[in-house]
Amino acid sequence: MLDKPENKLDPSLLARFAAIVGDKYAITDPAAQAPYLVELRGLFQGHSPVVLRPSSVEEVSKILQLANDTATPIVPQGGNTGLVGGQIPLHNEIVLSLNRLDRIREVDATSNTLTCEAGVTLQRAREAAAAADRLYPQLLPSEGTCTIGGNLSTNAGGTAAIAHGIARSHALGIEVVLADGRVLNALNKLKKDNTGYDLKNLFIGAEGTLGIITAAVLRLVPRPLSVETAFAGVPSSEAALELLNIATDRTAGGVTSFEIMTRAGIELVLQYGSGCRDPLAAPHPWYVLMELSSQQREGLREVMEDVLAQGLEKGLMLDAAIADSIEQGKAFWRIRELFSEVQRHAGGSIKEDISVPVAAVPAFIREANAAVTALIPGCRPVPFGHLGDGNIHYNVSQPIGADKAEFLARWGDVNEVVFAVVKKYGGSISAEHGVGVIKRDILPSVKDPVALDLMRSLKRLLDPKGILNPGKVL
Ligand code: FAD
Ligand code: ZN
């Protein structure tokens, strides 16, 4: 997936870009550039004449003005944790790293807002909110590295979306540098603002193809006064779904995470995740990691016990452990967080990130399993993820002993059979990771043609010279 670096940047133009940020922050040394050029799983390797690290919106604006005037393409990058290749310069573009725009501008506990720059990591934003006794309710396993700008640009989901929604629902306002360098200031704290088109939501989820997000006003919520975490073994994904319904009815919005995992994946975590132990005595076909939160100090433990007891009585749950300490809760979460990463030990892994209506998840899993095992006999489906959002990370490991490269070469074939099931249930081929380059060529076959046409028109309007993350999404 690599282009030859034939489009060399003219040295005098490179010097003009470098002058905007200062030589120290215009990285051309290959070793220093390396971390910006490769994606975490090694699926994409890019190259770039220079990695620019501006420290202010003014510098970003000047870079884009110059890029636009000279038709020089730019790839924006935050924490480089994206999973669809969107942040990698695959055609020798300039990398525009936002990670020095890292100021928390304000926490307003009365308005329940946090205003920060794009390069602030999700973890820092959450810590700043907590310091003001508030919760920033976005939670991704990559929180230590991913940035607010990246979260908004990918419209990230994560493990708290079941209760709090996805990135789009957290942003009240944003500041964006347009392709021509103009700064769109939409940094308002307003819940209500009906003064025309919702421009903010054009840039959220645009994966850096329409503008550069430089800052955002994020919505905060009260911190829960109690949290309970349980790890449960369940007989099937159908049972997991019924258990979710019991928990939802019992808590009215208090289910803050509901993740499902298969036994095969748990075994990999136990084998390769250092210090991980099986929370339950016997193995079970499926597992649920359930978190409940409440604004009451007392009583949530009883609610969790009641939900699990009802599940047991109805045969929806086989065994469960409720975390007795913060450490035990973290140990449960660690299993979930390692679930995807340890799959590399099972050889090649083809990864899908799909969504279907919540009620259709069990049927989707059953039919997708049948389709991929018919296509590649012996392959091992390892579905897991955010059941409560209808969002399944449908991963497929290679057959034992198969050739890894040969297996990965069938990624397109697997897409085809899995997406056919997604389509049958009215789902989406990208639930939370985005389109990037991985799904760009598939998009036209699944997206409404009128929607696609409007997307292309917006791209031409906002980026007439095609300098912003070219070749991504569209
Ligand atoms: P990057 O990877 O740097 O960039 C992502 C995209 O946004 C690229 O297209 C880039 O060009 C663009 N971009 C970045 N910053 C800006 C900006 N300021 N302005 C304009 N465009 C910009 N994702 C989920 O949704 N849910 C999960 O549960 C989840 N779990 C993950 C777990 C792990 C262990 C890992 C490694 C990743 C996970 N991800 C998840 C994917 C990833 O963390 C998210 O997509 C995240 O939002 C990316 O943020 P980032 O700062 O790393 O962005
Ligand atoms: Zn996810």
Side-chain angles (χ1 to χ4, degrees), residues 35-36 39-41 43-44 46 54 57 60 64 73-90 93 95-102 116-123 125 138-162 166-168 170 174-179 203-216 257 259-260 336-343 351-355 384-389 391-395 430-438 440 468-473:
Y36 298 89
E39 172 258 20
L40 182 98
R41 296 160 302 175
L43 279 181
F44 298 97
V57 60
V60 175
L64 286 194
I74 296 276
V75 175
Q77 191 178 94
N80 191 10
T81 67
L83 297 173
V84 290
Q87 71 281 15
I88 301 297
L90 295 173
E93 297 95 340
V95 174
L96 179 61
S97 166
L98 278 305
N99 58 17
R100 286 181 69 226
L101 268 80
D102 64 353
C116 72
E117 296 182 346
V120 169
T121 63
L122 174 56
Q123 187 174 343
Q138 176 124 60
L139 189 53
L140 312 183
S142 51
E143 65 166 334
T145 315
C146 70
T147 62
I148 296 300
N151 295 163
L152 294 176
S153 298
T154 58
N155 189 25
T159 52
I162 184 173
I166 52 181
R168 199 164 261 143
H170 307 320
I174 56 171
E175 177 186 84
V176 184
V177 178
L178 303 181
F203 298 97
I204 298 176
E207 301 181 49
T209 61
L210 299 180
I212 308 292
I213 297 176
T214 46
S257 289
E259 301 285 310
I260 57 165
R336 167 62 184 85
E337 285 161 9
L338 288 173
F339 201 86
S340 183
E341 190 203 310
V342 294
Q343 287 168 29
K351 297 176 191 297
E352 310 287 4
D353 161 41
I354 66 90
S355 62
F384 71 101
H386 320 292
L387 179 63
D389 305 324
N391 174 195
I392 298 301
H393 296 304
Y394 190 79
N395 292 359
S430 178
E432 59 173 9
H433 295 160
V435 176
V437 279
I438 280 194
R440 183 199 59 190
L468 289 171
N469 220 355
K472 311 290 169 57
V473 184

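Both counts, for ligands and for their atoms, begin at 1 and track the order of listing.
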Ignoring angles and geometry beyond distance, decide whether [X] reaches within less than 3.5 Å of ligand 1 through its nitrogen or oxygen atoms.
{"X": "I213", "value": "yes"}
{"X": "P76", "value": "yes"}
{"X": "Q77", "value": "no"}
{"X": "T81", "value": "yes"}
{"X": "L140", "value": "no"}

Report, as a single number, the protein N, O or S atoms less than 2.8 Å from the Zn ion (ligand 2).
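N, O or S atoms of the protein closer than 2.8 Å: 3.
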Please state which protein non-hydrogen atom is closest to atom 23 (N) of ligand 1 and give its distance, to 0.1 Å?
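Result for atom 23 (N) of ligand 1: H433 CD2, 3.6 Å.
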Considering only non-hydrogen protein atoms, determine which one is nearest to atom 17 (C) of ligand 1 and report residue, atom name and distance to 0.1 Å.
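Scanning the protein heavy atoms, the shortest distance from atom 17 (C) of ligand 1 goes to S153 OG, 3.6 Å.
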As an exercise, identify every atom of ligand 1 less than 4.0 angstrom from a heavy atom of N469.
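Once the distances to N469 are compared, the set is 9 (O), 11 (O).
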For G208, the ligand 1 atoms whose distance to one of its heavy atoms is below 4.0 Å
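This gives 20 (C), 21 (N) as the contact atoms.
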Parallel under 30°, tilted from 30 to 60°, perpendicular over 60°: which one fits the rings of H393 and H433?
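Ring orientation, 0 to 90° scale: parallel.
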Counting distance only, does the side-chain N/O of N155 pair as donor-acceptor with the main-chain N or O of E432 below 3.5 Å?
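Not at all, since once roles are kept as given, no pair shorter than 3.5 Å links the two residues.
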For E341, all residues meeting salt bridge (charged side-chain N to carboxylate O under 4.0 Å, His left out), sequence neighbours excluded
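Checked E341 against salt bridge (charged side-chain N to carboxylate O under 4.0 Å, His left out); matches are R344.
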Are any of the heavy atoms in G211 under 4.0 Å away from ligand 1?
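Yes; G211 lies near enough to ligand 1 that a heavy-atom distance drops under 4.0 Å.
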Report yes or no: does a heavy atom of G436 sit under 4.0 Å from some atom of ligand 1?
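Contact absent.
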Pick from L139, N99, T154, V177: the one approaching atom 47 (O) of ligand 1 most closely through a non-hydrogen atom:
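Minimum heavy-atom distance to atom 47 (O) of ligand 1 goes to T154.
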Pick from G78, G157, G385, S142: the one approaching atom 38 (C) of ligand 1 most closely through a non-hydrogen atom
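Looking at heavy atoms only, S142 sits closest to atom 38 (C) of ligand 1.
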